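Report on one structure; see the data block that follows.
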Amino acid sequence: MSIFKKLLALNANRKSAKVARERLQIVVSHQRSEGGDAEFLPKLRHELLTVICKYVKVDKDQVNVQLQRMNNCSVLELNITLPASELEQGYEQVRIL
Amino acid sequence: MTKLESKIIVVTSGKGGVGKTTTSAALGAELANRGYKTVVVDFDIGLRNLDLIMGCERRVIFDFVNVIQGDANLNQALIKDKRSENLFILPASQTRDKDALTTEGVEKVLMELQKEFSFIVCDSPAGIERGALMALYFADEAVVVTNPEVSSVRDSDRIIGVLNSRTKRAEQGSEVKKHLLITRYAHNRAQRGEMLSVEDVQEILAIPLLGVIPESTAVLNASNQGIPVTLGGPSDAKEAYRNAIAFLLGETVETTSQKGWKKLLGGLRLFNRSPV
Ligand SMILES: Nc1ncnc2c1ncn2[C@@H]1O[C@H](COP(=O)(O)OP(=O)(O)OP(=O)(O)O)[C@@H](O)[C@H]1O
Ligand SMILES: [Mg+2]
């Protein structure tokens with residue numbers, strides 16, 4: 001390798017952290033917007049629970065919020081199991097899709 | 001010393017081999033040294049290593065899974081460190097059955113530990129599967145261990161997402177307090193632009209910086225001997241860990257090796273707690 005090429009290679013190394021930073025910024029913002037783990041879900045669940053509790057007495061464990069990714073859309077599924085005493089016909093499940 | 005309200009700290013990273021176990025041992029030993037009754041729990045089921053790093057591998061009789069499954073009680077499984085009277089470890093089992101860690105089982109053990117210990121340090125396995133999820137689920141605070149390297153930073157970002165969504169605290173509408181610990185850092189290489197700098201990593205991950213541990217031969221040395229870095233002889237890594245932990249405890253520290261980070265660390269007070 002010529003001295004010139006060696007210098008070029010050295011220079012490329014020196015800038016590699018900058019390249020790393022730029023690649024990471026993109027990958028991370030993608031990762032976050034994809035909502036890899038849908039960060040808002042716990043909060044949504046918590047707020048829903050607060051609202052629901054205003055009207056019916058439900059058990060904290062009986063509210064289930066799930067986000068499912070399909071091919072080109074996402075489905076937010078909300079499952080609430082109401083206790084028997086709240087509804088005359090007994091055990092009821094409310095399902096909103 | 002009376003026991004304070006206890007705190008569960010998970011040491012996590014997503015990526016493997018970045019220094020979680022090294023950090024868990026160093027953190028546990030330093031907290032114990034400062035007078036806090038501390039237990040380090042190994043969540044790496046099937047691949048236990050914490051016992052080796054802490055030098056008690058020959059004293060393991062019962063483990064975490066034995067306690068969960070009721071084959072042993074907690075006191076039979078806990079190993080008391082011979083160097084520090086406040087330091088204990090709960091070893092992982094070598095069983096291949098990862099489903100052995102049930103949410104109920106882990107909760108029961110942690111609740112029992114909380115009666116006894118001021119700090120419970122959970123050494124997480126790599127990945128985002130059962131063991132890692134269980135290690136962080138009950139945490140009050142998290143130390144996110146990151147190397148200045150692309151895959152480690154990306155995986156840390158993933159684990160931060162998990163900490164924000166799949167913990168007990170998140171489910172209850174509160175938060176796990178997150179701390180960034182950069183390890184295996186080579187200051188010179190970062191300065192030459194060959195390695196991501198502290199500032200780069202912090203900017204990308206956007207959680208408060210707890211400390212920076214240099215790449216150091218003292219770490220391998222300590223692990224060869226089964227001595228947590230913070231219990232070993234003087235070294236750059238020991239000093240860096242001690243500073244980070246002082247910081248975690250809300251002390252203000254400023255030493256020569258830290259001057260570089262002073263600006264970043266300044267004004268950061270994590271939690272306040274003084275030994276009784
Ligand atoms: N600051 C450091 N300087 C030099 N080597 C280090 C440093 N921190 C950790 N190491 C080395 O890196 C390797 C991995 O460390 P460690 O076992 O703590 O990582 P880990 O995250 O627990 O790994 P795993 O994901 O497999 O559980 C070990 O060989 C250790 O000695
Ligand atoms: Mg480990």
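Just so it is clear, the structure is predicted and the values come from calculations on it, not from any experiment. Per chain, numbering begins at 1; letters A, B, ... match sequence-line order.
Atom CZ of residue B/Arg189 and atom OG of residue A/Ser16 lie 8.0 Å apart, to the nearest 0.5 angstrom. Note that CG of A/Leu24 is 9.0 Å distant from CG of B/Asp157, once rounded to the nearest 0.5 Å. Here A/Glu22 contributes atom CD and B/Asp200 contributes atom CG; the two are 10.0 Å apart, rounded to the nearest 0.5 Å. Separating the CG atom in A/Leu49 from the CD atom in B/Glu171 is a distance of 11.5 Å, to the nearest 0.5 Å. To the nearest 0.5 Å, the span separating CD on B/Glu199 from CZ on A/Arg21 amounts to 10.0 Å.
Of the possible donor and acceptor atoms, one in the side chain of A/Gln31 sits under 3.5 Å from a partner among the backbone N and O of B/Arg154.
Only the side chain of A/Val27 comes within contact range of chain B, with heavy atoms under 4.5 Å apart.
Within a 6.0 Å sphere centred on CD of B/Glu129, other residues, nucleotides and ligands contribute 12 heavy atoms or fewer.
Residue B/Val150 comes nearest to A/Ala20 through the heavy atom pair CG1-CB, 3.7 Å, listed as atom of the first residue, atom of the second, then distance.
Sorted by first and then second residue, the side-chain hydrogen bond (donor to acceptor under 3.5 Å, both in side chains) pairs involving residues 100-111 of chain B (not counting sequence neighbours) are B/Glu107-B/Lys168.
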